[in-house]
Amino acid sequence: MFVPPGEDLVNQWESEQARLRLQVMEEDTEDWQRSPDFSGLERVGGVDLSFIKGDDVNACAQLVVLSYPDMEVLYEDSQMVTLTAPYIAGFLAFRETPFLLEALQRLERNQPKLLPQVVFVDGNGLFHYREFGLACHLGVLSGMPCVGVAKNLLQVQGVNKSEEHQLQISALQKGGDSFPLTAASGKVLGKALRSSDKSSKPVYVSVGHKISVDTAVRLTHSCCHYRVPEPIRQADYRSREYLRIHFPGADT
DNA sequence: GCGACAG
DNA sequence: ATCTTGTCGC
């Protein structure tokens with residue numbers, strides 16, 4: 001039962017994205033980002049939302065903070081939340097950002113010393129229809145460096161799953177190899193990254209806030225034990241675990 | 001009508 | 001997002 005959001009609301013959302021887009025910082029702003037081995041970086045965060053199968057309103061919002069470079073879990077927060085906005089491609093942030101932001105604020109209030117220095121977000125940053133995906137939205141509203149990592153390609157601004165794209169993917173030889181996702185305008189919106197030697201399917205990395213594309217790609221690769229960077233993988237795993245324990249056999 | 005559609 | 005066991009390969 002989909003109730004199409006009024007086009008007036010979508011228009012309002014579009015103008016809000018346009019307004020916040022101006023605040024995105026696409027350059028490295030932190031000292032550790034300039035270091036070849038990221039010395040000075042001690043904590044990386046990951047956020048995600050998980051749902052119970054027959055329910056797209058109640059979800060578990062998750063924030064994890066891992067040590068760098070060891071990837072040991074230093075902090076974990078699981079919180080059941082009630083979503084109000086529907087999922088519409090291009091407007092994912094209006095559905096998820098409020099709860100991810102709340103999780104970051106809880107951490108800042110309770111254990112500020114554990115705040116991460118960068119947050120990995122499950123979704124796109126600048127690689128977006130209007131160059132303002134979830135990672136940018138969370139980055140601007142929180143003021144924290146953010147990196148967007150999507151598991152699937154969003155066909156936008158001329159970037160598509162063409163034969164050429166498939167060829168570029170097959171040309172990625174080893175973990176760390178990447179190729180740019182270039183918009184029709186010529187701007188590099190993000191990069192397809194082979195995150196580990198084993199995974200042939202790339203992840204799509206883009207700038208969220210306060211970090212450059214190349215640094216975002218290099219950092220993402222350095223946080224990958226498997227295809228999905230560890231902070232996001234842990235957030236995903238732990239939020240699902242929370243639902244499994246607190247809502248056993250929900251649905252059927 | 002057909003294809004696209006981050007999570 | 002979620003639906004889901006086994007299976008092929010190293």
- Expressed in whole Å, how much space separates the C1' atoms belonging to B:dC5 and C:dT2? 16 Å
- Message: Is it true that, when you exclude A:Y242 itself, more than 12 heavy atoms of the residues, nucleotides or ligands shown sit nearer than 6.0 Å to its OH?
- Response: yes
- For A:E163, does the CD atom sit with more than 12 other heavy atoms under 6.0 Å from it, leaving out its own atoms? no
- Under a 4.0 Å heavy-atom criterion, the protein footprint on nucleotides 4-10 of chain C, written with B, S and -, is -------
- Item | Mutual orientation of the aromatic rings belonging to A:Y204 and A:F127 [parallel < 30°, tilted 30-60°, perpendicular > 60°] | parallel
- Side chains of A:R238 and A:Q62: do they bring a donor and an acceptor to under 3.5 Å? no
- What pattern of brackets, bars and dots sums up DNA chain C from 5' to 3', given Watson-Crick or G-U wobble pairs under 3.5 Å, [ ] for crossing pairs and | for another strand? ..........
- Item | Spacing of A:M80 atom CE and A:L243 atom CG [to the nearest 0.5 Å] | 5.5 Å
- So, are A:R21 and A:E131 salt-bridged, with charged N and O less than 4.0 Å apart? yes
- Message: Walk along nucleotides 2-7 of chain B from 5' to 3' and tag each nucleotide B, S or - by protein heavy-atom contact under 4.0 Å, base first, then sugar-phosphate.
- Response: --SSBB
- Parallel, tilted or perpendicular: which describes the rings of A:H137 and A:F132, with under 30° parallel and over 60° perpendicular? tilted
- To the nearest angstrom, how far is A:D55 atom CG from C:dA1 atom C1'? 11 Å
- Item | Neighbour count >12 (heavy atoms, 6.0 Å) for atom CG, A:N58 | yes
- Knowing that exactly one of A:Q234, A:R233, A:R240 qualifies, which makes a side-chain hydrogen bond (donor to acceptor under 3.5 Å, both in side chains) with A:D236? A:R240
- For atom CD of A:E108, is the number of surrounding heavy atoms from other residues, nucleotides or ligands below 6.0 Å larger than 12? no
